[in-house]
2 protein chains.
Amino acid sequence: MTQAPAQDRGARSRDAILDTAGALMARYGYAATSISMISAECGLPASSIYWHFGSKDGIYVAVLERARIALLAALPRAEMAGADVAQRLDAFLADVQDAFQRHPHGLKLLLGLGMVQQDASAAAVAEVHRYRDALVAWAHAALCAVFGLDDRPQVADELARFTLRMASGTAVARWFDPSVGLDTGQLHVALLALAAHHDVPVRATPREGALPRDAADRE
Amino acid sequence: MTQAPAQDRGARSRDAILDTAGALMARYGYAATSISMISAECGLPASSIYWHFGSKDGIYVAVLERARIALLAALPRAEMAGADVAQRLDAFLADVQDAFQRHPHGLKLLLGLGMVQQDASAAAVAEVHRYRDALVAWAHAALCAVFGLDDRPQVADELARFTLRMASGTAVARWFDPSVGLDTGQLHVALLALAAHHDVPVRATPREGALPRDAADRE
DNA sequence: GTCTATACGCAGATAGAC
DNA sequence: GTCTATCTGCGTATAGAC
């Protein structure tokens, strides 16, 4: 390991900076995170940080870009094998739940930094939107597979946006009470009802027995 | 008017400061809003601002407190006169929609400033929670009246938190696309389904004809 | 690529005349 | 209560040796 070419020292530093910058910005927000904080936490001097990213704005863009790529790589492709809608929906919600638990930085970055929009650079604004659009597109595709909505993209879009708003709202609720988690049971009921409301064929209309309160307890 | 006792000059200045500080903090967030910005926008020198509020933190607490009082005063008491659940639910959602449209600052302050939590003063943290708790309590009471849940407070709590998370998530979506509004149609369907899922007696089970897409279009 | 040292401005906050 | 003037420190960002 120590024989690694000097070339990757830079890459490792770069990653270390992005790690600490991402954590700090997710915690305190963009404006409240200073270069000195990042420098102190990751050990590298401020000038190294500027050498890698050029500006505070550049750090933010790089952080968000890396978070987006990591999240999308972790999200499973929509290969829905479940027999009926309820099962596929549970599988989808388990994925969402999983992403929500394991990548808490992503949404927090969007929340804490979204306000940057108001005065941020064009690059930062573009990157924020890219992150959001990627999430919407993923949820859209997954919900198409769950409900068989390939011929009704508008409905899929509505359901995707509904899901993301619930996730965002839950992320907000979480900084009031960190024990709050995404309630997949609620989402299950709500998404089924919304689909039915749009006349999407949903075998096994929501009845009490068919609704696991936790997506993990079937089998 | 001009003969007003000198005493209320201070009160008017105080209000002016709170107005501009609230607008700026809702737009840029707490950390990104500086005293000089507030001073420049409202015309009063920085020292006057400090005379009134003592510190930047004090400004935030006062802004949020005033926003909470104003919002709660504007929210109608829960005198649900509607005949059936669907009608009372529509009335409730119209109130929520109204508050959402007319008091955009409130949620934005919570969103943009909530992160202050991480390093803010005890007073600021307390005020943020007071604002949130007041919203939850209002929604709880209103939903009790809508669904007749006085004997099932847990269900009312779940529905109230669901509603607030949707509202928060929509506020987030809004800074990506300002034209986004709270979709009361979705909320109507989702809340009815959640209530039914908890075996709350809901006359007129959600069917297509009974669901106005816009809460305003019933005669 | 990483370091020390530093420029420059604006941040939050205060003093004291009026 | 409001003003002018000012203090101190930290913010972003850069220069230049190694």
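Order of the sequence lines sets the chain letters (A, B, ...), proteins ahead of strands, with each chain counted from 1. Any value given below was found using the heavy atoms of this structure, including those in side chains, with hydrogens, waters and symmetry copies removed.
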Encode nucleotides 13-18 of chain C as B, S and - characters from 5' to 3', where the letter depends on protein heavy atoms closer than 4.0 Å: B to the base, S only to sugar-phosphate, - to neither. BBB---

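- No hydrogens or angles considered: nothing links the side chains of A:Ser55 and A:Asp57 as a donor-acceptor pair under 3.5 Å.
- B:Ser39 comes within contact range of no nucleotide atom at all, as no heavy-atom separation falls under 4.0 Å.
- Under the 4.0 Å criterion applied to side-chain N and carboxylate O atoms, B:Arg102 and B:Asp98 are assigned as salt-bridge partners.
- The aromatic rings of A:His129 and B:Phe176 stand perpendicular to each other, their planes meeting at an angle above 60°, with 30° marking the opposite boundary.
- Here the side chains of A:Val96 and A:Thr184 are not in contact, with every heavy-atom distance at 4.5 Å or above.
- Rounding to whole angstrom units, NE2 of residue A:His52 and P of D:dA13 are separated by 16 Å.
- We find that CH2 of B:Trp51 is positioned 18 Å from C1' of D:dT4, with the value rounded to whole Å.
- Atom CD1 in A:Ile38 sits roughly 11 Å away from atom C1' in D:dT12 (whole-Å rounding).
- Among the nucleotides D:dC3, C:dG1, C:dC3, the one closest to the side chain of B:Leu44 is D:dC3.
- Computed from coordinates, the B:Ile17 CD1 to D:dT2 C1' distance equals 10 Å when rounded to whole Å.
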Salt bridge (Lys or Arg N to Asp or Glu O under 4.0 Å) for B:Asp183 and A:Arg165? Distances and angles first, verdict last. CA-CA 11 Å; B:Asp183 189 328; A:Arg165 281 179 208 174; 5.8 Å; no

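- The side chain of A:Ser36 contributes an N or O atom lying less than 4.0 Å from OP1 or OP2 of D:dG11.
- The nearest whole Å value for the distance from the CD1 atom in A:Ile59 to the P atom in D:dA13 is 8 Å.
- Within a 6.0 Å sphere centred on CD of B:Gln101, heavy atoms belonging to other residues, nucleotides or ligands number more than 12.
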